[in-house]
Each structure stands twice: as C-alpha cells, then as structure tokens.
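Accompanying notes for the structure given below.
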Amino acid sequence: AHEFSTSGRNATGGVGVIPDIPGVETPTVDICLVSLSYTHPGQQDLVNTYIGLPLDAKDWNSRFLMHGGGAWYAGGESSILTPVLLGYASSSTDGGHGINASTTDWGLTSDGHTNWPALRDFSSLAISEAAVLGKMATRLYYGSGAEYSYWHGCSTGGRQGHAMAQDHPELFDGIVAGAPAISWDKFAPAGLWGPVLAQILDTQPPQCVVDAFTKAAVEECDGLDGVTDGIIAFPGRCNFKASSIIGQTINCIDPNGNVTITKDMAELISGLWEGPRSAEGQSLWYGFHHDSSLASMIGTSCSSTKNCTIAPFSVAKDWVNTFVARNPEFSIEGLTRQEYDRLFRQSVDRYTSLIGTSNTDLSKMKHAGTKMLAWHGMADQLVPTNGTIDYYERVTKLDADVADYYRLFLAPGVTHCGFGPGFDPAETVFDTMRAWVENGTVPDRLEGVAVAVGNSSATRTGNLCPYPQVFTYNEGDVNDAASFTCA
Ligand SMILES: *[C@@H]1O[C@H](CO)[C@@H](O)[C@H](O)[C@H]1NC(C)=O
Ligand SMILES: *[C@@H]1O[C@H](CO)[C@@H](O)[C@H](O)[C@H]1NC(C)=O
Ligand SMILES: *[C@@H]1O[C@H](CO)[C@@H](O)[C@H](O)[C@H]1NC(C)=O
Ligand SMILES: *[C@@H]1O[C@H](CO)[C@@H](O)[C@H](O)[C@H]1NC(C)=O
Ligand SMILES: *[C@@H]1O[C@H](CO)[C@@H](O)[C@H](O)[C@H]1NC(C)=O
Ligand SMILES: *[C@@H]1O[C@H](CO)[C@@H](O)[C@H](O)[C@H]1NC(C)=O
Ligand SMILES: [Ca+2]
C-alpha cells in the first residue's frame, strides 16, 4: 500500500492535471510498483523509471496513462500514483537525472561540454522507453495489453506529449498537451529577455510598477472583446502602449514609496510584450499578452523603491548557463544586445533537433491514428501562447486535414497550465480527448470554467473553440455559455 496526497497543478511545475478526489485527503492505493535503473551502454547515463500497476486486476480499467513532468522534472515515482489510483496502469521516468538534480549536476560532462546523452534522455528517449517498458509490464502482469494508451501533460509535459506525437505516436492513442514548452531552443533563451533588456536599459522597476503596466493595459483592452471581465480575448485588438503611462506615479506598498514611471521602464515592458528582438530589430520569439503577469519574467526583489534586483526565470537561466554558455558561473551582467543575439542563435543552432520538439511532420501520427488535443492559456506568463499557434500553423501548412487528428484550443484569460480569471479547461480536457479516441466524439468545443462576472464566488462555463476559430462573445448574459460562439 502506497500513501500519498494528490498533487494538483502548480504554476512552475505544470505537472499534468490531476483531478481532485472529493472528500479524500490522503488516499492509499494498492500498487504493484516496478522500479528500473538502466543505462545505454557506452553513454554513461543512468535512467530511473517507475511502473505502477493496480495490484488487483479487477481495479485496472484496461488502460495505460502517463502523466508528464514540469520544468526540468521529467517525471518520477510520484507521477504514477494518481493514474494508478484512477485505475490506469502507468509509468514515468526521471529522464536520466535525479528528480531534484539541478542542470549543473547533469547537463555538462565538463565546463564547455554538453552532456548530450543526458539531454537526449530528458528530451524524449527516456520518455518513449518508459512508455514501452510500462506497456510491456502491463501486458505481462495482466496477461493482456492496454486497450487504450494515453499521455497527459502540461508545460514540459506538453512538450513531452509533442515529442511523442512527433516521434513515437504508435505508443499512444491519445495525447493531451497543455501549454507545451515546444520550440524549447527558442522559448528557453527568450525567457532571459526581460533581465537582459532591464540590464541594457539599466532599469529595475519594482513589482508594483510592473503590475501597474499590466493593470493599465487590461483596463484599456478588456472591453474590446465585448465583455468587461478582466480577460483580453482579442489580443490582436489591444494597441495599448506602455509609453502612454510615462510620468504617472505609482503608489507602492512593498517596497513602500511612490515611483514615477520612466521611459526606460515603459521600454522594458513593451519589450516583454513584443518578445525578444535582435540588435537589428528582428523578432526572435514571441512576447506575452497584455493580461499575462510579467512577474515571472522580471521578478524583482527590492530593499527600497530605488534598490531592486531582477531574478531571471529559473528555467531560462539554467538553460542558458548550462547548455548555451556551458558555464555554470555565467551571468548576464554586462551582456550586450549582440551577445544576447549570439546566445540565442547558439541555442537554436545546437539544440533544435535534440529538444526543439518543433518537427511539423506529423504524418506518422496521422497514419498511426493517434489523436492529440493541445490547449494553451492566452494569459500564460511562462510559455508564450503564440509559440503554440506558430507550431499549429506550420503543421497546417503541411497538412490541411490536421484537425482530423490534432486540435488546438486557446483559453482566454487562463495562466500557465490553468487558473487565472479565464476559461480553464484543465479539468475537462482529458475526458474530452478520451471521448475522441474511444467514442469518435470529435472535439468541436472544449469546456472551460471561469469566474462569473459580477460574482467572484460563482463560476461560468465557456465552450472554447478549435483554432483557428475564435471564442467570441455574441450577445446576452455574459455568464451564459450560449452567449458565446466560435467565429
Ligand atoms: C527531492 O526533494 C524533496 C523536497 O526537498 C524531498 O522530499 C525528496 O525526498 C527528494 N527526493 C529525492 C529522490 O532526493
Ligand atoms: C499572437 O497571435 C495573435 C493572432 O493569432 C495576435 O493577435 C497577437 O497579437 C499575437 N500576440 C503576440 C504577443 O505575438
Ligand atoms: C505618495 O503619494 C501620495 C499622494 O499621491 C502621498 O499621500 C503619500 O504620502 C506618498 N507616499 C510616500 C511614501 O511618499
Ligand atoms: C541595495 O540592497 C542591497 C541588498 O538588500 C544592499 O546590500 C545594498 O547596500 C543596497 N544599496 C543601496 C544603494 O542602498
Ligand atoms: C462513450 O460513450 C458512452 C455512451 O454514451 C459513454 O457511456 C462513455 O462514457 C463514453 N466514453 C468516453 C471515454 O467518453
Ligand atoms: C454568487 O454565487 C453564489 C454561488 O452560485 C450564490 O450562492 C450567491 O448568491 C451569488 N451572489 C450574488 C450576489 O449573486
Ligand atoms: Ca474581456
């Protein structure tokens, strides 16, 4: 008997979506747990993989389900427990590095040299092997294989889901991939853009000032979608300029004091909305929407309003230090725009094929009959929503019939992997995908749950739309799903 608590979603981890079990604090599950450690001969790696099977065959629902990881966490023993509790056979892997190991522990063979086998294990190899091993153990234990096999992940888990869709679709019948950290080679160095720009502009605004920009933008753009609900559903219509609040005074509480907004602060915020640009002004990657909190990208801590330091997004810092600069002591201090461009290009040149997870050829998946349901919150504060749109559009260019097997739903007002004021589909997406796989119920809509307008203790639902359709307010009660259509 294994005792555990159900781990919910968390913003940085983005560990799958694990339904709460009503009324159960610490459930126990009788599990057959198989732990394996192995290496790929000659590569000097060590992969730890865990397989979980409902101990009693009558508790098994004849299905196999893997939950994805978050950030640098590929998976681990705890990731198999919830699937098993729900009746699934499952497996998970640490991806070739211990679950608590930092990238500096495993990413380099020595300063200046990438540990390629370990990065490959993390990127996809150990994941597909965990699926093969898990499915094999399932067959051995119960005497028959799983009728259906699923992947469910968000963030890194969403990227892992895309890796399986691109390279090993035959292992899964259905894949849910939320807020996928795909185009990792670009998304990860893009995550350092805030601190780099702040350093170039020599401005370190306290959080209250950063939030004031977000608030002003939401105030101006919220209503452009027809509903004043704190959600910017039509970001393309939002032309709010950060420079429009230069000179305003922000009354900060922590740190205490009044701060006057400067041109440099406006330029910094504008840069985060636009996304990183090269020294020549070319866009390198996407920015964040105006209703995304910018606190994770320029997290400042201050001893006074005039004395703040910026903490970079840790995944971006780990990536650039360990895999691009390949120097754990690397710091962005004094970095020029040209040097940042160079780091960005190095990241792309070295790693696109290994961990970019942006291969647009899904023909193998199409032929395997696998379905993928991707979704992305439009107020995502860690992984820019438009990277997923970019990928979906590039896949569509190769295959106009992509919607037959791969659909993307954008969720207005939803933050990374769930939550926020918007229409959060995290609790419904898995069942929607299962119905697509098992019953052929094509997901023309995906139900999301949001805070009701005018009553924050009530909820409203919205039927989100498969991209490129846009979730649009039509007319009527804004708390009634029927007032919205897909346009
Ligand atoms: C990882 O860290 C957590 C929290 O500090 C700890 O509870 C856990 O035992 C660690 N796991 C391993 C395998 O070291
Ligand atoms: C993202 O793409 C949409 C169109 O699909 C566009 O309206 C929006 O401005 C883009 N946002 C960013 C930050 O690039
Ligand atoms: C900030 O400005 C307000 C007036 O807008 C004033 O009442 C307050 O005392 C000022 N706070 C500080 C710390 O200077
Ligand atoms: C700024 O804050 C840091 C850390 O809190 C402190 O060490 C430093 O002396 C401060 N600098 C000024 C100019 O106040
Ligand atoms: C498939 O349809 C049946 C009958 O409507 C229903 O009972 C079952 O829950 C559906 N399965 C899934 C996975 O949605
Ligand atoms: C808000 O919604 C809750 C839950 O539906 C309900 O009990 C309550 O009466 C509502 N309050 C108002 C002011 O409408
Ligand atoms: Ca709105």
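Since this is a predicted model, take the numbers as computed values, not measurements. Every number for a ligand or one of its atoms is a count from 1 in the order of the listing.
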- Please write down residue, atom name and distance for the protein heavy atom closest to atom 13 (C) of ligand 6. N455 ND2, 4.4 Å

- Query: With a 4.0 Å cut-off, strictly under, does atom 7 (O) of ligand 6 pick up any protein heavy atom?
  - Reply: no

- Note on the structure: The option among S301, C302, S303, C308 carrying the non-hydrogen atom nearest to atom 5 (O) of ligand 4 is S303

- Message: Is the contact between E274 and ligand 2 made by the side chain, the backbone, both, or neither, using heavy atoms and a 4.0 Å cut-off?
- Response: neither

- Should D229 and R460 count as an ion pair when the cut-off is N to O under 4.0 Å? yes

- Message: Testing D318, T156, T103 one by one against W72 for a side chain to side chain donor-acceptor pair (under 3.5 Å), which residue passes?
- Response: D318

- Message: Could you check whether H376 and T388, counting side-chain N and O atoms only, form a donor-acceptor pair closer than 3.5 Å?
- Response: yes

- Message: Less than 3.5 Å apart, any donor N or O on the side chain of T262 or D264 sitting next to an acceptor on the other?
- Response: no

- Message: Test salt bridge (Lys or Arg N to Asp or Glu O under 4.0 Å) on D341 and R345; report intermediate values, then the result.
- Response: CA-CA 6 Å; D341 289 3; R345 264 200 318 278; 5.0 Å; no

- Message: Among all the protein's heavy atoms, is there at least one whose distance to atom 11 (N) of ligand 4 comes out below 4.0 Å?
- Response: yes

- Begin with the C-alpha distance, continue with both residues' side-chain angles, and end with the deciding distance and a verdict on side-chain hydrogen bond (donor to acceptor under 3.5 Å, both in side chains) for Y467 and E393. CA-CA 9 Å; Y467 185 85; E393 291 207 327; 2.5 Å; yes

- Item | Contacting atoms of ligand 2, where contact means under 4.0 angstrom from a heavy atom of H289 | 1 (C), 8 (C), 10 (C), 11 (N), 12 (C), 13 (C)

- Message: Checking a contact table here: which protein heavy atom is nearest atom 1 (C) of ligand 4, and how many Å away?
- Response: N307 ND2, 1.3 Å

- Query: Going by the atom numbers of ligand 2, which of them fall below 4.0 Å from some non-hydrogen atom of G287?
  - Reply: 13 (C)

- Within a radius of less than 6.0 Å around CZ of R337, do more than 12 heavy atoms belonging to other residues, nucleotides or ligands occur? yes

- Query: What protein heavy atom sits nearest atom 9 (O) of ligand 2, and how far away is it?
  - Reply: G236 CA, 3.9 Å

- For A458, the ligand 6 atoms whose distance to one of its heavy atoms is below 4.0 Å: 2 (O), 5 (O)

- Heavy-atom nearest neighbour in the protein, as seen from atom 2 (O) of ligand 2, with distance rounded to 0.1 Å: N386 ND2, 2.3 Å

- Neighbour count above 12 (heavy atom, 6.0 Å) for R342 CZ: no

